[in-house]
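Order of the sequence lines sets the chain letters (A, B, ...), proteins ahead of strands, with each chain counted from 1.
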Amino acid sequence: MVKITAIRGFKDVLPEETPKWQFMEYTARSILANYGFREIRIPVMEKTELFTRGIGETTDIVEKEMYTFIDRGEESLSLRPEATASILRAVLEHNLHAVNPVLKLYTIGPMFRRERPQKGRLRQFHQIDAEVLGSEEPYVDAEVIALLMHLLHALGVNHVALEINSLGCAACRSKFREAIRIFLDAYVHSLCPDCIRRSKNNPLRVFDCKVETCRESLMNAPVITDYLCGDCQSHFLRVQEYLSLLSLSFVVNSRMVRGLDYYTRTAFEVTTDLLGAQNAVAGGGRYDGLSEDLGGPRIPGIGFAIGCERILALIKEEHTHNGPYLDIFIAALGEEAQKFALPFSQLLRRKHIKVETGPGGKSLKWLLKQADRTGTPYVLIVGENELNAGSLILRNMKNGEQRLISTSQLEEAIMKILRSEQN
RNA sequence: GUGGGUGUAGCUCAAGUGGUCAGAGUGCCGGGUUGUGGCCCCGGAGGUUAAGGGUUCAAGUCCCUUCACUCACCCCA
């Protein structure tokens, strides 16, 4: 019989690692709440059309990375490769923008892209995704970026760099595209095959190329920031002004492009040099046209996504210490002892004490060992002798001290000891 | 999708140019302590050496195929 394993690129998060995840999620939720964001939960699967229209037909994500299938021979469905399109779909579907013209929403959950797994890249990965809908004010851009940096800082992720750019509006973009196309035509002989392909489909992508000769050829290529219209230019300048006002350090990278077609104007990326090739820990941008692309009214928006697995790799251990998960362990010896321990455990649990009783048929030695393994600070030893005598043994596992506590005062005494332990 | 690296006990890893090489540490179970964890001592269980095929008197070791993991490209969080 062949052992069944998890599918490639899909990973288990084992009990050892879940405290780290919980720390990250808890921190994110509380800071997002500080900025007035509310949680929205969206399905992991959508009609494929949402993504082809939203993200863009010719992006790599849609072209070759989506998990798509035909549901019962009828409808094409896809696992979500990102969250923004779904959030906007939900907003439009429920007319949330009509109730509140400015929405701040976040979601945390798995995304799916069928790429070849490598360090920092899985097929099922997780994102913390935050979006502000309903305003195109540069003030919002700055605040969203500030939120992102605040969040990273709170998670103890410090060695990161913030890069920003403006991709302009549709008008700036088409002017720039034309300029790039003309420029690339002149260099067509010195470009790598990939870049020649890119220059046709998505000219901005050539700036991502790592081939040395291409980079040299592109040194003097036009940059988008030179083609911004007046409105986009002043928008971008104000974003930078506000970021400076917030004392956030950033670098303008006019060569930065993002992988989704819906981005307009402000785009940003946070990278680290601690993670190998997959160095982007978060990215985002403005998408003023997305709502209309999805058949809605004009709802400008801006948001970001944080890659949870990448962040987790950067979170320091001291934030995630794996403390004991029990307050007290009850070592019950024999049938009568277990009959005592069962209801008594319930009593303590109702008082929010974390308690576990060992399974039957085990020796005291085994039970103490079990308590030791789990780092439990106290063990209540319940044996036939103690029950008959009317007082039980409470053992302090750190120093080995034991004391007798009469069964009538047991609950009170244990609560008192555990409470002083917590202080 | 393309390329490189790696697959030996649950985990981390050993086994000169093919020839007692299937081992250690750790973890687990038991005993030393008939009811006291950690430290120490003793014992035990756990492997079709990823799978399949080939070369050979002989393969964990060499060759081929497949699979998995991993890193990088592509792309992105």
Exercise. If we take the P atom in both B:G23 and B:G60, what is their distance in whole Å?
Worked result: 13 Å
Exercise. Below 4.5 Å, heavy atoms only, C-beta onward: do A:Thr52 and A:Glu49 meet side chain to side chain?
Worked result: yes
For this session: Determine the Euclidean distance between corresponding P atoms of B:G3 and B:G47; express it in Å to zero decimal places.
Result: 37 Å
Exercise. Side chains of A:Arg121 and A:Arg113: closer than 4.5 Å at any heavy-atom pair?
Worked result: no
Problem set entry | Under 3.5 Å on both distances, the Watson-Crick or G-U partner of B:G16 | none
Problem set entry | Strand partner of B:A59, provided both Watson-Crick or wobble distances fall under 3.5 Å | none
Problem set entry | B:C73 pairs with, by Watson-Crick or G-U criteria that keep both distances under 3.5 Å | B:G1
Exercise. B:G18 and B:C62: how far apart are their C1' atoms, nearest whole angstrom?
Worked result: 7 Å
For this session: Using the P atom as the reference point in each nucleotide, state the distance between B:A58 and B:G19 in Å, no decimals.
Result: 14 Å
For this session: Answer syn or anti for B:G46, where the cut-off is 90° from 0 on the glycosidic torsion.
Result: syn
For this session: Select from A:Arg116 and A:Arg123 the residue whose nearest nucleotide in RNA chain B is closer to the 5' end of that strand.
Result: A:Arg116
Problem set entry | nucleotides 30-48 of chain B: protein proximity per nucleotide (B base, S sugar-phosphate only, - neither; heavy atom, under 4.0 Å) | S----BBBB----------
Problem set entry | Nearest-Å distance once atom P is located in both B:G16 and B:C75 | 44 Å
For this session: Starting from C1' on B:A72, measure out to CG on A:Leu275 and report it in whole angstrom.
Result: 15 Å
Problem set entry | Gap in Å between the two C1' atoms, one belonging to B:A45 and one to B:C29, rounded | 7 Å
Seminar exercise, completed: The residue, A:Arg114 or A:Glu269, whose nearest nucleotide of RNA chain B is more 5′ is A:Arg114
For this session: State whether a side-chain donor-acceptor pair under 3.5 Å links A:Glu46 with A:Ser86.
Result: yes
Problem set entry | A:Arg310 (side chain) and B:C76 (base): donor-acceptor pair under 3.5 Å | yes
Exercise. Do the side chain of A:Glu82 and the main chain of A:Ala85 share a donor and acceptor less than 3.5 angstrom apart?
Worked result: yes
Problem set entry | Check: A:Gln278 and A:Gln118 side chains under 4.5 Å, non-hydrogen atoms | yes
For this session: Write down the partner of B:C67 under the Watson-Crick or G-U wobble criteria, each distance required to be under 3.5 Å.
Result: B:G7
For this session: Kindly say if A:Gln118 contacts the phosphate of B:C71, meaning a side-chain N or O under 4.0 Å from OP1 or OP2.
Result: no
Exercise. If we ignore angles and hydrogens, is there a donor and acceptor under 3.5 Å between the side chains of A:Glu131 and A:Thr84?
Worked result: yes
Exercise. Heavy atoms under 4.0 Å, any strand shown: does A:Ala371 hit a base, just sugar-phosphate, or nothing?
Worked result: nothing
For this session: Quick one: label A:Leu148 by what it contacts on the DNA or RNA (base, sugar-phosphate, nothing), any heavy atom closer than 4.0 Å.
Result: nothing
Exercise. Can you check whether A:Tyr325 reaches A:Glu356 side chain to side chain, under 4.5 Å on heavy atoms?
Worked result: yes
For this session: Both distances under 3.5 Å, Watson-Crick or G-U wobble: report the partner of B:G46, or none.
Result: none
Exercise. Any N or O donor-acceptor pair linking the side chain of A:Arg113 to the base of B:C75 at under 3.5 Å?
Worked result: no
For this session: Could you tell me whether the side chain of A:Phe304 reaches within less than 4.5 Å of the side chain of A:Asp129, counting heavy atoms only?
Result: no
For this session: Give one of base, sugar-phosphate or nothing for A:Arg121, where a contact means two heavy atoms less than 4.0 Å apart.
Result: base
For this session: Provide the distance between the two P atoms, one in B:A68 and one in B:G31, to the nearest whole Å.
Result: 44 Å
For this session: Take atom P in B:C39 and the same atom in B:A77, then report the distance between them in whole Å.
Result: 47 Å
